[in-house]
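Shown next, in structure tokens, is the structure this report addresses.
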2 protein chains.
Amino acid sequence: MYSSELIKGTLKTIILKLLSENERMYGYELTQKVKDMTGGKIQLTEGALYPTLHALEAQGILTTEVVNVGNRLRKYYAITPGGRKIASEKVNEFTDFIATMITLLDLKPNLG
Amino acid sequence: MYSSELIKGTLKTIILKLLSENERMYGYELTQKVKDMTGGKIQLTEGALYPTLHALEAQGILTTEVVNVGNRLRKYYAITPGGRKIASEKVNEFTDFIATMITLLDLKPNLG
DNA sequence: AAATATACATAAGAATTTTAGGTATTAATT
DNA sequence: AATTAATACCTAAAATTCTTATGTATATTT
């Protein structure tokens, strides 16, 4: 796990990118996907995730669909066309940011 | 300029790295150095910078030396040995974080 | 003479996240 | 069979960090 301050500001970008690649995902699924893909180094906390999802929905960036699985609810989120554009912009901005930080901090990134 | 949320959490790392490379620097100098090195893409705001410098000093990570230049004060900051170790850890952590984010977001970093 | 740059600082407010709690079903373990 | 862990949603107080706004003062440029 990274020190929490590092991850700040990347939550929206992560959510939008994953929802650009997957037709639809639900909250818990997002937490597991990120945990798996990062070897546990990044773990989305529910207290940050759910309010952010709700906000993105309120802004029309995501739409939802509630599905019953057994006796349990699952709230699927899907990205809208406008949201897809924002996702792309956010990812591009983050890429640029990384390049800038590599220069600024004189990093030798281990691009395994 | 990047959207402010991206830069969050990197301020300490930037300060400590620059002070690891330079014997001593003062606040305003840090803002200019970062602005120059990033082509204006990252601009440290004083409202964030000064309180952070004060906190780092209070934690014994930085030491200060006030110098008179003409009739104006300049407060130089220098990193302590312990601070140097923290700086190194922070830079390593950020490097690792970048690698993780590149994987997670499937980025093609333009390492120009 | 006025505007910009240098140089420090604080403080209210905004934004984002952590921490801590709550509810409930399903699967795995003891 | 009972307990624990995993799945699945949610909210709210508190903490953290940053922005915005403001203040003071000197030096330089226009």
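Per chain, numbering begins at 1; letters A, B, ... match sequence-line order.
At whole-Å resolution of the value, CZ in R24(A) and P in dA8(D) are 13 Å apart. Residue L49(A) contributes atom CG, which lies 11 Å from atom P of dT18(C) at whole-angstrom precision. When the C1' atom of dA24(C) is taken as reference, atom CZ of R74(A) falls 15 Å away, rounded to whole Å. One atom, NZ of K75(A), and another, C1' of dT23(C), lie 15 Å apart when rounded to the nearest Å. The separation between I14(A) atom CD1 and dT17(C) atom P is 9 Å, rounded to whole Å. When the C1' atom of dA7(C) is taken as reference, atom CG of N68(B) falls 12 Å away, rounded to whole Å. Rounding to whole angstrom units, CD of residue Q32(A) and C1' of dA27(C) are separated by 14 Å. Between L44(A) atom CG and dT7(D) atom P the separation is 15 Å, expressed in whole Å.
Note on Y50(A): every side-chain N or O is 4.0 Å or more away from OP1 and OP2 of dC10(D). Contact check, Y26(A) against dA8(D): a side-chain N or O comes under 4.0 Å of OP1 or OP2. Between H54(A) and the phosphate of dT11(D), there is a side-chain N or O to OP1/OP2 separation shorter than 4.0 Å. The shortest distance between the side-chain N/O atoms of T45(A) and the OP1/OP2 oxygens of dT17(C) is not below 4.0 Å.
With distances taken from any side-chain atom of Y28(B) to the nucleotides dA8(D), dT16(C), dT6(C), the minimum falls on dT6(C).
Contact between I14(B) and L105(A) at its shortest, heavy atoms only, is CA-CD2, 4.1 Å.
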Name each donor-acceptor pair under 3.5 Å that joins a side chain in residues 44-58 of chain B to protein atoms two or more places apart or in another chain, with its distance.
| residue | atom | partner | partner atom | Å |
| --- | --- | --- | --- | --- |
| T52(B) | OG1 | A48(B) | O | 2.8 |
| H54(B) | ND1 | Y50(B) | O | 3.3 |
| E57(B) | OE2 | T64(B) | OG1 | 2.8 |

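Residues L16(B) and L62(B) are in side-chain contact: their nearest non-hydrogen atoms beyond the backbone lie under 4.5 Å apart.
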Check: If the sugar-phosphate is the primed atoms plus P, OP1 and OP2 and the base is the rest, what is the B/S/- string for nucleotides 21-26 of chain D, using protein heavy atoms under 4.0 Å?
Finding: -----B
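Side chain of N22(A) to main chain of L18(A): a donor-acceptor pair is present (N/O by atom type, distance under 3.5 Å, no hydrogens or angles).
The pair K17(A)-E21(A) meets the salt-bridge criterion, with a side-chain N (NZ, NE, NH1 or NH2) lying under 4.0 Å from an Asp/Glu carboxylate O. A salt bridge links R24(A) to E65(A): at least one charged side-chain nitrogen sits closer than 4.0 Å to a carboxylate oxygen.
Each ring pair (Phe, Tyr, Trp, His ring centres under 6.0 Å) pair with one or both residues in residues 55-82 of chain B, not counting sequence neighbours, appears once here: Y26(B)-Y76(B).
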